[in-house]
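Step one of this worksheet: look at the structure below.
This is a predicted model, so every value here is computed, not measured. Atom set for the values below is all heavy atoms of this structure, side chains included, hydrogens, waters and symmetry mates excluded.
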Amino acid sequence: MYAIVAGGGKVGANVARSLLDMGHEVTLIEQRPFRYEQLEDEFEHQVLLGDATELHVLERAGIERPPDLVLAATGDDEDNLIICQIASE
């Protein structure tokens, strides 16, 4: 299964970690540079720096593939809705 997780906070990082432990392919998107650097130490090439509400960032993450799962776990409800709307289209 391929999953895109938007938001590298506690929820997003833990879900990404669990999916990877189960053998799934994951791309984790984080927009905060300092948090991205922390996540990159653990997730390496599976984390992407960018704003997941922007189509070009989702395209870099592989949204056209399409993923089996898109999880919007940012700290902003409006951003989460936008991410889900873009992903469904």
Side-chain angles (χ1 to χ4, degrees):
M1 175 175 76
Y2 177 56
I4 294 176
V5 179
K10 290 179 185 177
V11 173
N14 283 329
V15 169
R17 195 174 293 114
S18 294
L19 290 168
L20 287 168
D21 288 345
M22 289 186 275
H24 299 294
E25 184 180 358
V26 177
T27 298
L28 177 60
I29 303 171
E30 174 56 51
Q31 71 176 356
R32 298 169 295 175
F34 67 93
R35 182 64 178 151
Y36 166 79
E37 291 175 13
Q38 294 172 337
L39 294 167
E40 191 177 39
D41 288 341
E42 178 181 355
F43 294 98
E44 298 174 356
H45 64 277
Q46 294 161 321
V47 64
L48 178 68
L49 178 63
D51 183 349
T53 63
E54 296 182 18
L55 183 58
H56 74 275
V57 173
L58 290 173
E59 287 172 344
R60 282 192 354 232
I63 197 75
E64 293 177 359
R65 216 169 140 175
D68 300 294
L69 171 71
V70 175
L71 174 66
T74 72
D76 188 311
D77 290 340
E78 291 175 2
D79 285 351
N80 291 340
L81 287 171
I82 291 168
I83 294 163
C84 291
Q85 286 176 329
I86 293 171
S88 69
E89 293 175 10

Atom pair OH (Y36) and CG (L28), whose distance is rounded to the nearest 0.5 Å | 10.0 Å
With sequence neighbours excluded, give me every side-chain hydrogen bond (donor to acceptor under 3.5 Å, both in side chains) pair touching residues 77-87.
-> T74-N80
To the nearest 0.5 Å, tell me how far C84 SG sits from L71 CG.
-> 8.0 Å
Could you tell me which residues satisfy side chain to side chain donor-acceptor pair (under 3.5 Å) with E25, sequence neighbours excluded, listed by chain and number?
-> R65
Heavy-atom closest pair (I83 atom, A6 atom, distance to 0.1 Å) is CD1-CB, 3.8 Å
Under a single-linkage definition using a 4.5 Å side-chain heavy-atom cutoff for Ile, Leu, Val, Met, Phe, Trp and Tyr, are Y2 and I29 assigned to the same hydrophobic cluster?
-> yes
Transitively linked via ILVMFWY side-chain contacts under 4.5 Å: V70 with V11?
-> no
Any pair counted as salt bridge (charged side-chain N to carboxylate O under 4.0 Å, His left out), so long as it reaches residues 28-39, sequence neighbours left out | E30-R32
Sequence neighbours left out, what passes side-chain contact (heavy atoms from CB on, under 4.5 Å) with L20? Give chain and number order.
-> V26, F43, Q46
State the CG-CG distance between L19 and L69, to the nearest 0.5 angstrom.
-> 6.5 Å
Given the rule that I, L, V, M, F, W and Y join up when any side-chain heavy atoms are under 4.5 Å apart, are V47 and V5 in one cluster?
-> yes
Any chance you could measure L55, atom CG, to I82, atom CD1, to the nearest 0.5 Å?
-> 12.5 Å
Does Q31 have any side-chain contact (heavy atoms from CB on, under 4.5 Å) partners at least two apart in sequence or in another chain, and if so, which?
-> D51
Give the table of side-chain donor-acceptor pairs shorter than 3.5 Å for residues 56-64, with sequence neighbours excluded, one pair per line with atom names and distance.
unit_1: R60; atom_1: NH2; unit_2: L49; atom_2: O; d: 3.0

